[in-house]
Amino acid sequence: GDSVTQMEGPVTLSEEAFLTINCTYTATGYPSLFWYVQYPGEGLQLLLKATKADDKGSNKGFEATYRKETTSFHLEKGSVQVSDSAVYFCALSVLPNPPYQAGTALIFGKGTTLSVSS
Amino acid sequence: GAVVSQHPSWVICKSGTSVKIECRSLDFQATTMFWYRQFPKQSLMLMATSNEGSKATYEQGVEKDKFLINHASLTLSTLTVTSAHPEDSSFYICSAPRTDPYSYNEQFFGPGTRLTVL
């Protein structure tokens, strides 16, 4: 079945370090890919998304490219800040007939905790 | 952007009592909403799909008589934890998919409700 595999954390970095969080997926149909971020005690916020192969999603300095050939959607940031400390979730949506949304639940990876120190 | 709210944000109750959690879409209509449960330092576990005007669809292993879901209107879904016990203590999160065309099933998440059962 459809699934998301995300690198295990926690990831501990110093401020201004380079960040990579790996995410790979298995999917049938036409997957869309998302990164969500969860700050302590809060719900999930969409960080970025990509809806077709070779799309690059970007937001707040974070980037991820939808690689169909490697079934990956790795999250990267060139210089992390303390305020980036949070849990990051990779998620997948598979719709049978794009681009119409079918209202299905997202499939989440297990989440990666990022801790950035100054 | 669209907002999904949850109420209450936290609740403490005695064992054996029932607790109702509300999930509202504030500026869009949601015929479908999803309820998740999140344990500490873990990913989101889909509990059920809430459908406006029809019965909720529960995931395997989720007791439908314990977790009552009512999708009363196009902007409101409620989750009632009946006869709560300490093992029901958790972080409950709802989400609703975007309804505009070409949204690729992007979801808006509520801020979550922390339930503690004593």
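Each chain gets a letter, A, B and so on, in the order the sequences are listed, and its residues count up from 1.
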| Under 4.5 Å from a heavy atom of chain B, the part of A/Leu46 involved |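 A/Leu46 touches chain B through side-chain heavy atoms alone.
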| Part of A/Gln38 lying under 4.5 Å from any heavy atom of chain B |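 The side chain, not the backbone.
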| field | Test item: B/Ser90 side-chain N/O and B/Gln38 main-chain N/O as donor-acceptor pair under 3.5 Å | value |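 Yes, the answer is positive, given that a donor and an acceptor are paired below the 3.5 Å cut-off.
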| task | Pick one of side chain, backbone, both or neither for B/Gln42, based on which atoms fall under 4.5 Å of a heavy atom in chain A. | result |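 Contact with chain A involves the backbone of B/Gln42 alone.
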| said: Less than 4.5 Å to any heavy atom of chain A: does that hold for the side chain of B/Gln6, its backbone, both, or neither? | reply: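 Neither; nothing under 4.5 Å.
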| said: Counting the benzene-type ring for Trp, do B/Phe28 and B/Phe108 have ring centres under 6.0 Å apart? | reply: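 Under 6.0 Å, so yes.
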| query | Taking the six-membered ring for Trp, are the ring centroids of A/Tyr36 and A/Tyr88 within less than 6.0 Å of each other? | reply |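 No, the ring centres sit 6.0 Å or more apart.
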| request: Check step by step if salt bridge (Lys or Arg N to Asp or Glu O under 4.0 Å) holds for A/Glu63 and A/Lys77. | output: CA-CA 6 Å; A/Glu63 293 183 340; A/Lys77 186 175 186 181; over 6 Å; no
